[in-house]
Amino acid sequence: MPEPTTTPANGSKIAVRCTGVTKTFGSGTNAMQALRGVDMDVRIGELLMLVGPSGCGKTTLISVIAGVLRRDGGECTVFENDYQKMSELQTTRFRGKNIGFVFQAFNLIPTLNAEENAAAPLIINGTKRRDAVAKAREVLQQVGFDERMMRSFSTDLSGGQQQRVAIARALVHNPRLIVCDEPTSALDGETGHKVMELMRNLALGTDRALIVVTHDSRIYEFADRIAHMEDGRITSIEESPRTTS
Amino acid sequence: MAIMSFIALKMLIGDKAKYIGIIIGLTFASLLITQQSAIFAGMMTRTFSFLSDVGLPDVWVVDPEVQYIDDIKPLQSTEVYRVRSVEGVQWAVPLYKGSLQARMDDGTFQSCILIGLDDETLIGGPPTMLTGQLSDLRRADGIIVDQVGANGKLARRLPDGKRAPLKIGDSVELNDNRAVVVGICQITQTFQSNPVIYTTYSRATTFAPQTRKMLSFVAAKAKPGENLDALCARIGKQTGLKAYTCDEFKKLTFFYYLKYTGMPVNFLTAVALGFIVGITISGQTFYNFTLDNLRYFGTLKAMGATNGMLLRMILLQALVVAVIGYGLGVGAASLWGSYFGTHSQLAFRLPWQLLVITAVAILFICLTAASLSIRKVMKLEPAVVFRS
């Protein structure tokens, strides 16, 4: 993969660059334009929050950025790679190596225990099961899991614990971009806070970027920048108090 | 892929209710298909059991109008000599086969199959003698009775109401003629399940109701190296009779029963029911299992699992339930057949071909279910993972 480009404006390296991205669902009279020309950059080493009312296109945008949905128009590069120029197989493999996911509903496979769930991305990428589980255990330890919890199934874990497994799963294969969709919406305020602290401390690195879609204003403080979306467009991007202070 | 297989198996086995449901459905399907096919095969094998038991002859000569082995159209006794005169025939012997009534001690009658063997050679005798010897048939009024008949329908009724199996020395009245049991034999059960009585040809023609012609078959042996088809054609040409090789005569009989009885329809219906049970219960449950796990397949897809990986995961899941369901079903059918085969007169035959047919049917059920699931997973947009 080529080295990321440098933006002249502030010297930060760019992880994601979207220019005029459009996406329409349906056709004819039923067509619904979810993205109407999104322009946005995500810098390496930053946590960018994407906020806005329901139906404004946040989830569609991170789906396009994560390569799980094809855009209709505009440009979108992730570490200078354009999914539109890749085959479906190449896109899938790129996602497997470079993107980590944290979902609102956790999406842990209920028949796998915590360490097996966390090991899944490595297994998909071809790591042997034993090595993958060993690595997953290391990451689970970092998110505060003890031996008993590592062997627990998701049904035996609290929401906060499940989200920590999901974070471990998103980190285990060292992806360069992590996308999180409403990671705290299913959690109470205190647990949500802890989860965001974990993400900020563990997930952010000098060569990694985080995009968090959220409605939850209680966690805005963890963002480096906050992008406001409305009606399929980015209306403003503000530096968070964390950055300005 | 080997490393993804553990996720596939854990997903499958972890959902215990569906996993067991699929296995039970496949087990029943496999049991029904195997058991009904095996009973059908057993019954069809019994239609030509006489030919199977008489191992020596290569060629059977009968009236040209004969449609199957029990369709006896008697021949002139001189036909034996005409067959013997055909080039390539090593030997030819007369055989009688017919039905007659045995009078029981209590005055009731029992239909029996009477087989008359060539007096000199006793060719065509039972394959296994349990007591007595085949040559004992040369004793006065001698008959050999099959074990199932001797223990069952021909068993003597004792004064206390119990039944005692026929044994050597017992006498039986056959069509007003006295016959003495000189041996008990083991044979392949007949289609009609009537007792089978062996005696000499000349005695059989005495026991049987007299008709102008008494010869049922001419059983012939070809000279070594003789082409059987050519010999049959030669016999037919020279005698005006119809000559069949042993296999041809079996096939003639088999296809007669297949064509003129309702058996295939009955058994095929039962087999089809097994198949439908498999498709509806297991297929539907397997498909539901995939639908329930669609979110997780989507998650794996988002995390980088290719369509090929997911396809192999579903195929592995389908194969695992297929193998387990097949094994349990075939095992249960075998145990059932083994038990009832020895404790009753059930016709049950389980050749390897039936095992293959059941395996193909079960595999078809699973692959059909899997293909529907695969289609669903292949078309799945990984973006589904972001929908709560």
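The sequence lines fix the lettering, A, B, ..., with proteins before strands; numbering per chain opens at 1.
Neither the backbone nor the side chain of Val64(A) comes within less than 4.5 Å of any heavy atom of chain B. Residue contact with chain B, scored on non-hydrogen atoms closer than 4.5 Å, involves the side chain of Glu88(A) exclusively. Both the backbone and the side chain of Ile109(A) come within contact range of chain B, judged by heavy atoms closer than 4.5 Å.
In terms of non-hydrogen atom pairs under 4.5 Å with chain A, the most contact-rich of Leu12(B), Thr306(B), Thr299(B), Asp15(B) is Thr299(B). In terms of non-hydrogen atom pairs under 4.5 Å with chain A, the most contact-rich of Ala302(B), Gly14(B), Gly304(B) is Ala302(B). When each of Leu89(A), Leu112(A), Thr91(A) is scored by its heavy-atom pairs under 4.5 Å with chain B, the top score falls to Leu112(A).
Tested against Ile374(B), the residues Leu310(B), Asn307(B), Ile314(B) include a single side-chain contact (heavy atoms from CB on, under 4.5 Å) partner, Ile314(B).
Between Tyr83(A) and Phe94(A), the angle of the ring planes goes over 60°, which puts this pair in the perpendicular group of the 30/60° scheme. Using cut-offs of 30° and 60° on the angle between ring planes, the pair Phe103(A) and Phe101(A) is parallel.
Checking side-chain atoms of Gln163(A) against main-chain N and O of Pro183(A) turns up a donor-acceptor pair under 3.5 Å.
Figure legend: cation-pi geometry between Lys301(B) and Phe297(B) absent, as NZ or CZ is not positioned both under 6.0 Å from the six-membered ring centre and within 45° of its axis.
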